[in-house]
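Residue numbers begin at 1 in each chain, while the letters A, B, ... track the order of the sequences. Just so you know, these numbers come straight off a predicted model, no measurement behind them.
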Number of protein chains: 2
Amino acid sequence: MDREWNDSQPIYRQLRDRVVAMILDGVLKEGDPLPSVRTVAAEYRVNPLTVLKGYQQLVDDGLVETRRGMGMFVNPGARDLLLQGERQKFLTEDWPRIHANIQRLGLNAEELLNGAGAARSSSEAAPRDSAPPKSADLKNLESNPLKKEER
Amino acid sequence: MDREWNDSQPIYRQLRDRVVAMILDGVLKEGDPLPSVRTVAAEYRVNPLTVLKGYQQLVDDGLVETRRGMGMFVNPGARDLLLQGERQKFLTEDWPRIHANIQRLGLNAEELLNGAGAARSSSEAAPRDSAPPKSADLKNLESNPLKKEER
DNA sequence: TACAGTGTTATAGTTAACTATAACACTAAT
DNA sequence: ATTAGTGTTATAGTTAACTATAACACTGTA
């Protein structure tokens, strides 16, 4: 039940990446509150400070806004910001290494595009709403976080 | 000049991964000695213990053999072992996440797998050999000339 | 007001990664 | 026997990540 964390990266960063993924996937829409520090800490049996540290990065990146006593909320424009920034970062920092590895391992495109990570149907990312927004759950991601994949 | 290390992963692991890549690329052939602990430590201005730790993992994985007083040598069958193990690991652990991210960012996986990513021409990966091998340089990855020092 | 929910700060301890220095053990060649 | 090259071990210190506990500050609602 606890295989939530990947030991190849600090938890606070994985936490940050999960929220990022949720924003990109539209699970967390702009204006939505993200799950409270205490909630997440309890849910994942992690220290509140660790959660805070991850969340704080989102604030620093301008993706999330803090309202004391109320919670933290996804900023307007967050998703666009991410699509821009993360795309750039992925293409220049992550992909070259990943691609080199794929070549190195003699894997072909077909194999990769079919069998493996073909989940996530690609269709959409921004569903409907206008229901009372109640803080989404960090669990709403199957295949984890963003960034930093290597081997 | 020191853009050698990626802070998203411990050095000893990156070290290990470099050697793995060199074996897969055929830069280090079976029976070849790998660059000595001290050499690497000096070259990259890293602690010998850190290098040893990375190398030790290779020994533990059965990829490399230690001969006291002489050095560490690539085991026979190492490359095949790697092609098996690393492929497996990549497909089940890394690729799913990577692919999900690609989708998430609205990028086209197919496109990436073909044209992009600073191509490394897959022409040769397993050259047949029979030349007198002298400890390859860890730098022989990612576009780097051969040795620059002999005395 | 009291309360229960937010984010935030303070103190302090553990562990893993990395570092600096130094020495030991073994091997091939001089 | 000496030397210079290997891997290896020992001691000890720094830093970042994470942890446990506890308290503080703020906000909406009963």
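Taking every side-chain heavy atom of B:Asn47 into account, C:dA20 is the closest of D:dC18, D:dC26, C:dA20. In the set C:dC18, C:dT8, D:dT19, the nucleotide with an atom closest to the side chain of B:Ile11 is C:dC18. Distances were taken from every side-chain heavy atom of A:Pro10 (C-beta onward) to each of D:dC18, C:dT19, C:dT9; the shortest belongs to D:dC18.
The line from CD of B:Glu111 to CD1 of B:Ile102 is 11.0 Å long, rounded to the nearest 0.5 Å. Rounding to the nearest 0.5 Å places CG of A:Asn6 at 5.0 Å from CD of A:Gln14. Here CZ of A:Arg104 is found 11.5 Å from CG of B:Leu83. Values are rounded to the nearest 0.5 Å. Here the CZ-CG distance, from B:Arg79 to B:Asp25, works out to 8.0 Å after rounding to the nearest 0.5 Å. We find the CE-CG distance between B:Met72 and B:Leu63 to be 10.5 Å, quoted to the nearest 0.5 Å.
Residue A:Thr39 places at least one side-chain N or O under 4.0 Å from the OP1 or OP2 atom of C:dT6. Contact annotation: A:Tyr12 reaches the phosphate of D:dA17 (side-chain N/O to OP1 or OP2, under 4.0 Å). A:Lys53 has a side-chain polar atom (N or O) that falls below the 4.0 Å cut-off from OP1 or OP2 of D:dA17. Neither OP1 nor OP2 of C:dG7 sits under 4.0 Å from any side-chain N or O of A:Gln56. Checking the phosphate oxygens (OP1, OP2) of D:dC18, no side-chain nitrogen or oxygen of A:Thr50 falls inside 4.0 Å. Taking side-chain N and O atoms only, B:Thr66 has no distance below 4.0 Å to OP1 or OP2 of D:dT6.
Counting any heavy atom pair closer than 4.0 Å across all strands shown, A:Leu49 reaches a base atom. Using a 4.0 Å heavy-atom criterion, one finds that B:Arg67 contacts no nucleic acid atom at all. Counting non-hydrogen atoms under 4.0 angstrom, A:Leu52 reaches a base of the nucleic acid.
Nucleotide D:dA17 holds its C1' atom 13 Å from the CG atom of A:Leu15, rounded to whole Å. To the nearest angstrom, C1' of D:dA16 lies 12 Å from CZ of A:Arg13. As rounded to whole Å, 19 Å separates atom P of C:dA16 from atom CD of A:Gln9. Here D:dT6 presents its P atom at 10 Å from CZ of B:Phe73, a figure rounded to the nearest Å. Straight-line distance from the OH atom of A:Tyr44 to the P atom of D:dC18: 16 Å, rounded to whole Å. For the pair B:Gln14 CD and C:dA16 P, the interatomic distance rounds to 20 Å; values are reported in whole Å. One interatomic measurement links the two molecules: CZ of B:Arg68 to C1' of D:dT6, which rounds to 10 Å at whole-angstrom precision. At whole-Å resolution of the value, CE in B:Met72 and C1' in C:dC26 are 15 Å apart.
Within 3.5 Å, no donor on the side chain of A:Arg38 pairs with an acceptor on the base of C:dG5, nor the reverse.
Judged by the 6.0 Å distance and 45° axis criteria, B:Arg18 is positioned over the aromatic ring of B:Trp5.
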